[in-house]
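Read the numbers this way: they start at 1 and go in the same order the structure lists the ligands and their atoms. Since this is a predicted model, take the numbers as computed values, not measurements. If you read the sequence from its start, that first residue is 1, and numbering goes on from there.
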Amino acid sequence: MRVLNPDRRPLVAGNWKMHTTPQSGVELARAIVRAGPPDGVDLVLCPPAIAVTDVARAVVGTSIRVGAQNMHWLDSGAFTGEISAPMLAGVAEVVIVGHSERRADFGETDEMVNGKLEAALAAGLTPIVCVGETESVRDAGGAQALITAQVEAALAGIGSTAAEPLVMAYEPVWAIGTGRTASPAQAAEAIGWAREALSDALDAAAAQRTRILYGGSVSPSNARDLLTQDGVDGALVGGASLKADDFIAIARSAVS
Ligand code: PGA
């Protein structure tokens with residue numbers, strides 16, 4: 001199983017969500033290459049599925065990697081509209097699993113997330129597994145319990161060797177697309193909870209080598225404060241990843 005980087009090199013991933021066509025996606029990828037990806041940080045672009053192939057071709061010869069935003073947990077079958085890990089494996093290197101928009105808007109359960117993670121790992125993809133609490137859960141004091149439960153459920157039955165390429169993202173639902181970010185201290189605390197849960201679900205060494213990103217309204221103006229926190233290994237960026245200069249500015253904050 002390939003590991004992107006065993007030393008928790010910072011990773012900044014752009015989740016383009018349902019934005020860009022294959023053509024405008026290629027233009028955005030080229031603009032990101034022109035804007036100058038900094039050394040010392042792994043950059044990943046996650047365009048819509050239909051643009052993955054073209055964007056992957058557009059970044060050939062650069063250090064940028066390409067990922068998908070979702071996939072099915074089975075390899076093939078009568079699942080209209082779905083794509084599977086083996087289909088992605090020849091084209092993408094990374095896949096986002098269990099994003100809160102998938103969980104909330106498309107009924108994705110912890111069991112599905114677990115199946116998707118298993119399938120992604122089996123296909124040699126690097127999964128970015130998302131966890132995070134809603135505002136009401138946080139207000140009720142349940143954030144740690146929920147994050148712990150999500151991590152445990154995602155990793156059920158998956159051993160630390162199989163999970164080696166795993167990347168996680170802590171994305172508080174209340175911070176996604178809202179312009180409200182978690183404070184750097186909140187992000188670091190929650191990522192600490194996720195790492196503790198990883199240690200229980202896998203083992204301490206696996207928890208230490210797993211990169212855990214922060215996501216939720218990351219922008220060039222708040223990235224440095226968030227990404228220099230202990231244990232915050234990078235960012236999963238939505239809105240700001242659609243602007244090449246903003247995305248690269250965030251990537252620079254991860255290494256400066
Ligand atoms: P945002 O999205 O940066 O637009 O808040 C982050 C995400 O959903 O991954």
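Distance alone, capped at 3.5 Å, places no donor-acceptor pair between the R224 side chain and the S253 backbone. Although no hydrogens or angles enter the test, the distance criterion places no donor-acceptor pair under 3.5 Å between the side chain of N15 and the main chain of G238. Distance alone, capped at 3.5 Å, places no donor-acceptor pair between the R211 side chain and the G234 backbone.
For the pairing with K116, the side-chain hydrogen bond (donor to acceptor under 3.5 Å, both in side chains) check across E111, H72, E108 returns one residue only, E108.
E101 places none of its side-chain heavy atoms less than 4.5 Å from the side chain of F106. Residues D42 and R65 have side chains in contact (heavy-atom distance under 4.5 Å, counting atoms from C-beta outward). Using a 4.5 Å cut-off on side-chain heavy atoms (C-beta onward), I250 and K243 make no contact.
Between K17 and ligand 1, an N or O atom pair is found at a separation short of 3.5 Å. Where the criterion is an N or O separation shorter than 3.5 Å, residue side chain and backbone included, G216 fails it with respect to ligand 1.
Atoms of ligand 1 lying under 4.0 Å from at least one heavy atom of H99, given by number and element, are 7 (C), 8 (O), 9 (O). Close approach of ligand 1 to G177 (heavy-atom distance below 4.0 Å) involves ligand atoms 1 (P), 4 (O), 5 (O). Applying the 4.0 Å criterion to heavy atoms of A175 picks out, from ligand 1, the atoms 5 (O).
Ligand 1 lies out of reach of C130, whose nearest heavy atom is not under 4.0 Å from it.
Closest heavy-atom contact between L213 and L236: CB-N, 4.1 Å.
For atom 7 (C) of ligand 1, the nearest non-hydrogen atom of the protein is E171 OE2, 3.2 Å. For atom 3 (O) of ligand 1, the closest non-hydrogen atom on the protein side is G238 N, 2.8 Å. Atom 4 (O) of ligand 1 has as its closest protein heavy atom G239 N, 2.8 Å.
With a 4.0 Å heavy-atom cut-off, ligand 1 is reached by no atom of A240. Contact annotation: for N15 versus ligand 1, heavy atoms closer than 4.0 Å belong to the side chain alone.
Taking all heavy atoms of G215, A235, S217 into account, the minimum distance to atom 1 (P) of ligand 1 is reached by S217.
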